[in-house]
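Chain naming here is simple, since letters A, B, ... match the order of the sequence lines and numbering starts at 1 in each.
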4 protein chains.
Amino acid sequence: MPPKVYTSVDDEKLVEKRREQFVAAASELFGRNGFHTTTIKEIAQRAGVSAGLIYAYVKTKEDILFLVLQSVLEGYAREIPKALEGMTDPLQRFCTAVRTYCEVVAAKPDATLLAYRETKSLSSEQKAAIKDMELASNRLISDCIDACIRAGYFRPAKNLELLTYRIVLLAHGWALKAWRFREIVSLDEYIAEEIDMFLHAMMTDAGWNHFRGMPGRAVNTK
Amino acid sequence: MPPKVYTSVDDEKLVEKRREQFVAAASELFGRNGFHTTTIKEIAQRAGVSAGLIYAYVKTKEDILFLVLQSVLEGYAREIPKALEGMTDPLQRFCTAVRTYCEVVAAKPDATLLAYRETKSLSSEQKAAIKDMELASNRLISDCIDACIRAGYFRPAKNLELLTYRIVLLAHGWALKAWRFREIVSLDEYIAEEIDMFLHAMMTDAGWNHFRGMPGRAVNTK
Amino acid sequence: MPPKVYTSVDDEKLVEKRREQFVAAASELFGRNGFHTTTIKEIAQRAGVSAGLIYAYVKTKEDILFLVLQSVLEGYAREIPKALEGMTDPLQRFCTAVRTYCEVVAAKPDATLLAYRETKSLSSEQKAAIKDMELASNRLISDCIDACIRAGYFRPAKNLELLTYRIVLLAHGWALKAWRFREIVSLDEYIAEEIDMFLHAMMTDAGWNHFRGMPGRAVNTK
Amino acid sequence: MPPKVYTSVDDEKLVEKRREQFVAAASELFGRNGFHTTTIKEIAQRAGVSAGLIYAYVKTKEDILFLVLQSVLEGYAREIPKALEGMTDPLQRFCTAVRTYCEVVAAKPDATLLAYRETKSLSSEQKAAIKDMELASNRLISDCIDACIRAGYFRPAKNLELLTYRIVLLAHGWALKAWRFREIVSLDEYIAEEIDMFLHAMMTDAGWNHFRGMPGRAVNTK
DNA sequence: GATGAATGAGGTTTCATTCAT
DNA sequence: GATGAATGAAACCTCATTCAT
């Protein structure tokens with residue numbers, strides 16, 4: 001489990017409420033201005049509290065960064081399963097997972113970038129925790145892929161994790177190259193194109209047959 | 001053309017020599033510790049000069065970052081064409097370009113990351129220059145893809161630039177996820193796997209026929 | 001009204017208290033060593049606070065200079081009217097104003113010099129404010145002169161402001177040439193001599209008649 | 001005699017030539033931007049030489065200031081006697097001396113201000129030398145006053161030096177308050193007014209009689 | 001629990017001065 | 001004699017963090 005961030009406040013409800021406040025403020029500011037450029041005072045001001053108060057809920061500025069990154073990854077871990085809820089068809093689950101991942105990233109592209117940019121500022125313990133969370137959210141994707149393979153829709157993978165990372169980079173790519181993508185494609189087109197590519201690379205004949213019978217498939221590929 | 005960085009020194013040879021020194025030192029330090037955490041004194045020390053001297057060749061710390069990023073992108077623009085030199089077969093050129101791109105990234109993964117991490121610290125003029133250089137290096141890839149399409153080896157692309165970015169993210173991916181990839185694949189496997197995926201997604205029957213007749217194809221796919 | 005100097009502290013009482021502290025310390029040091037030679041740390045040390053604290057009450061070192069100069073000019077604007085309080089005779093008011101001006105200057109000669117020496121370091125807005133304050137304090141003098149003229153004691157002036165400046169330079173002169181004056185005259189002699197000169201230059205017969213009947217005139221002239 | 005400024009160059013002619021170059025450049029820059037704000041490089045550039053060369057003719061930056069101030073005072077000592085050359089009438093000599101002093105000051109008001117502003121930066125030896133030169137140039141004025149007194153044109157003075165300083169401050173005043181005077185009087189009006197005041201304060205009946213018979217007196221008073 | 005004034009370490013940058021060429 | 005690259009000390013200013021209220 002993730003390393004606990006120190007707080008001097010006992011009331012757990014309050015701790016959670018305050019931290020959410022700080023994370024919201026800090027996300028915005030870190031995303032816009034970067035971690036080092038953002039000051040504690042700015043975070044405090046935006047959260048509507050005094051600078052001193054932050055240190056009742058957090059030991060260092062790096063802790064705030066950790067909480068922010070944690071909340072980003074928790075977002076993935078929350079939204080993807082929610083979108084898959086009740087879905088049973090492996091191919092549909094896969095496509096939905098990819099789409100949702102992209103959409104979550106696109107909702108706050110700066111937040112995703114943060115993980116690439118500022119992880120270096122964390123303690124090694126925190127860095128490890130973030131990596132664990134990333135691996136956990138990767139599993140949400142790799143499970144979908146695996147199901148497609150076992151259903152015979154995708155050809156067997158030499159290296160499932162590598163395959164998974166292609167999807168991850170596909171989703172993160174929207175944030176990583178946002179400055180350019182926003183000029184040349186819509187998010188929907190992007191998702192459709194990328195899924196199409198992936199399917200062409202992986203689908204078996206059985207997969208295509210199944211696919212052709214799927215409702216709403218037109219959304220994702222022709 | 002890129003914005004000139006101010007220098008008070010006239011001797012162009014010397015300017016180039018010194019800046020190379022500084023860029024080498026700064027690349028290493030920025031890569032390891034990040035831009036904000038690295039101090040001018042550290043750069044100076046590692047470059048074996050006094051802190052003051054740096055400011056004879058550069059106006060601000062941000063200028064150093066710009067020079068570093070510039071040198072990274074120049075690396076792409078230098079190495080990829082060099083590797084393609086004398087090659088005529090479109091498919092071979094494509095594969096070589098991808099492979100080389102990955103290898104250049106892998107040679108200094110931190111340098112590639114820098115562009116994602118610290119561009120925010122540049123002046124808007126410098127930011128624009130870096131983006132231009134990235135677009136220029138993308139063209140090295142997109143030209144290869146385009147040649148394969150026109151040769152009938154790849155199916156036509158809806159959006160060539162998007163396709164190009166898949167390759168770019170594939171290459172950068174090695175740096176972006178180095179912490180994990182290094183544990184699960186070798187660079188060669190990575191390149192082979194990724195090219196294989198891409199070919200499966202894009203190749204026409206004509207492409208596969210041509211491919212089977214190629215020497216050394218085993219390097220890239222089965 | 002003068003441009004407000006930025007502060008991050010809300011408590012106005014505290015701001016005033018701290019600034020007085022800083023102004024006192026800085027006056028002394030600027031006066032003795034000059035503006036550029038004096039460091040923020042020295043000011044802080046002399047004021048008994050940390051260097052950083054100063055920047056909670058002031059945005060730049062130049063702001064401190066501005067506050068110092070402001071306080072000098074406020075001194076004139078405070079002391080001269082106070083000395084004139086309750087006095088009605090124009091000639092007596094004039095002599096008292098001159099004497100008081102000289103005395104205020106003599107109390108802190110370095111402070112008066114500062115205005116001549118370091119105004120160049122101010123922002124143009126601040127420079128303008130200081131000039132305005134000087135013109136305002138000049139008015140204290142010119143009003144006295146004007147009253148003497150209208151009472152028929154002084155002959156009419158071609159250029160009242162020029163006349164006023166003679167008095168101003170007379171008063172400032174004590175500071176400007178302190179290094180020499182201190183060796184050759186006492187402040188009282190200086191004031192008496194200078195007023196005497198001025199009266200000889202300006203007085204009408206009516207003025208002299210009135211003067212001879214004044215009590216305490218011996219203080220100012222024979 | 002003034003303290004010699006160190007030089008490593010033997011050729012005296014060259015030393016003089018170079019120093020004149022430096023003084024000209026530095027006067028301008030010190031006058032416009034102040035001593036501390038002006039850099040050696042700026043002086044060198046304006047003098048058309050390398051920064052290093054200055055140190056062959058001068059030991060420190062302060063030495064340059066000393067040379068500049070010295071040249072200002074030498075200007076007084078040169079111009080006033082030149083203007084008096086061949087003049088015999090004491091009153092005319094006095095008026096001419098005052099007028100010339102004002103004109104020299106007005107030709108380079110910044111140079112005069114320099115002495116007030118930056119003397120603090122000199123070594124005590126140099127400071128003393130500058131003071132001596134000022135006293136010497138004062139004598140040019142006090143001699144004129146004294147002659148008028150001995151001729152019976154001026155009433156006897158209690159303190160001749162004080163009287164002299166009134167003239168000095170009158171002349172310097174044009175520089176000290178240039179920012180305002182330039183808006184309200186011409187230099188000629190200023191000189192006329194000030195001399196007029198002085199004469200009214202000092203002249204005897206014999207003086208006035210003599211004065212009325214002087215040619216060109218209208219320039220100075222009515 | 002909350003505030004915000006106060007601390008002080010440390011970073012970037014400037015610039016007088018030196019010295020090899 | 002002249003150059004200008006190089007040095008390095010020191011200045012201003014910022015900001016994470018503490019602590020009395």
(message) Using whole Å, what does the distance between atom P of nucleotide F:dT14 and atom NZ of C:Lys41 come to?
(response) 15 Å
(request) Counting heavy atoms from C-beta on, name the nucleotide in F:dA2, E:dG8, E:dT12 closest to the side chain of D:Ser50. (result) F:dA2
(request) Carefully, step by step, assess A:Gln126 and A:Leu65 under the rule side-chain contact (heavy atoms from CB on, under 4.5 Å). (result) CA-CA 10 Å; A:Gln126 291 173 327; A:Leu65 177 59; over 6 Å; no
(message) side-chain contact (heavy atoms from CB on, under 4.5 Å), that's the test. Do D:Ile43 and D:Ile64 meet it? Break it down for me.
(response) CA-CA 10 Å; D:Ile43 297 173; D:Ile64 305 179; 4.2 Å; yes
(message) Under 3.5 Å for both pairing distances: what stems, at least three Watson-Crick or G-U pairs long, include DNA chain E?
(response) E:2-21 with F:2-21
(request) Tell me whether the OP1 or OP2 atom of F:dA5 has a side-chain N or O from B:Arg18 closer than 4.0 Å. (result) no
(request) Let me know the distance between CD of C:Gln21 and P of E:dA5, rounded to the nearest Å. (result) 15 Å
(request) Could you tell me the separation between the CG atom of C:Leu65 and the P atom of F:dC12, rounded to a whole number of Å? (result) 13 Å
(message) Counting the atoms with a prime plus P, OP1 and OP2 as sugar-phosphate, which does C:Leu14 contact under 4.0 Å by heavy atoms, base, sugar-phosphate, or nothing?
(response) sugar-phosphate
(request) Between E:dA6, F:dC12, F:dT7, spot the one nearest the side chain of C:Lys61, thanks. (result) F:dC12
(message) From CG of C:Leu53 over to P of F:dC15, roughly how many Å is that when rounded to an integer?
(response) 16 Å
(request) State, with a plain yes or no, whether a side-chain heavy atom of B:Val5 is found less than 4.5 Å away from one of B:Gln70. (result) no
(message) Both B:Val49 and C:Glu62 contact DNA chain F. Taking the nearest nucleotide for each, which residue is further toward the 5' end?
(response) B:Val49
(request) Find the distance B:Ile64:CD1 to E:dG11:C1' and express it as a whole number of Å. (result) 13 Å
(request) Report yes if the side chains of D:Phe22 and D:Leu67 come closer than 4.5 Å at any heavy-atom pair, otherwise no. (result) no
(request) Could you check C:Asp11 against B:Thr37 and say which one's nearest nucleotide on DNA chain E is further toward the 5' end? (result) C:Asp11
(request) Could you tell me whether A:Glu42 and A:Arg46 have a side-chain N and a carboxylate O separated by less than 4.0 Å? (result) no
(message) Around atom NZ of A:Lys127, are there more than 12 heavy atoms from other residues, nucleotides or ligands closer than 6.0 Å?
(response) yes
(message) Looking only at the side chain of A:Thr39 (C-beta and beyond, no hydrogens), which of the listed nucleotides F:dA5, E:dA16, F:dC15 gets closest?
(response) F:dC15
(request) From the options F:dG1, F:dA16, E:dA6, select the nucleotide whose nearest atom is closest to the side chain of A:Ile40. (result) F:dA16
(request) Compare the minimum distances between each of E:dA6, F:dG1, E:dT12 and the side chain of C:Tyr57, then state the nucleotide with the smallest one. (result) E:dA6
(request) Apply side-chain contact (heavy atoms from CB on, under 4.5 Å) to the pair D:Ser121 and D:His36, showing each step before the final yes or no. (result) CA-CA 9 Å; D:Ser121 299; D:His36 286 97; 3.4 Å; yes
(message) Tell me the interatomic distance from B:Glu42, atom CD, to E:dG10, atom P, rounded to whole angstroms.
(response) 12 Å
(message) Nearest to the D:Ser8 side chain among E:dT13, F:dT7, F:dG1, which nucleotide is it?
(response) F:dG1
(request) Give the rounded distance in Å between these two atoms: CD of D:Gln45 and P of E:dA16. (result) 14 Å
(request) Mind running side-chain contact (heavy atoms from CB on, under 4.5 Å) on D:Lys61 and D:Ile40 for me, showing each step along the way? (result) CA-CA 7 Å; D:Lys61 194 186 172 191; D:Ile40 290 282; 3.8 Å; yes
(request) Rounded off to whole Å, could you give me the NZ-to-C1' distance for the C:Lys17 and E:dA6 pair? (result) 11 Å
(message) Does E:dT14 have its OP1 or OP2 closer than 4.0 Å to a side-chain nitrogen or oxygen of B:Tyr55?
(response) no
(message) Applying a 4.0 Å non-hydrogen cut-off, can you work out what C:Thr38 is touching in the nucleic acid: base, sugar-phosphate, or nothing?
(response) sugar-phosphate
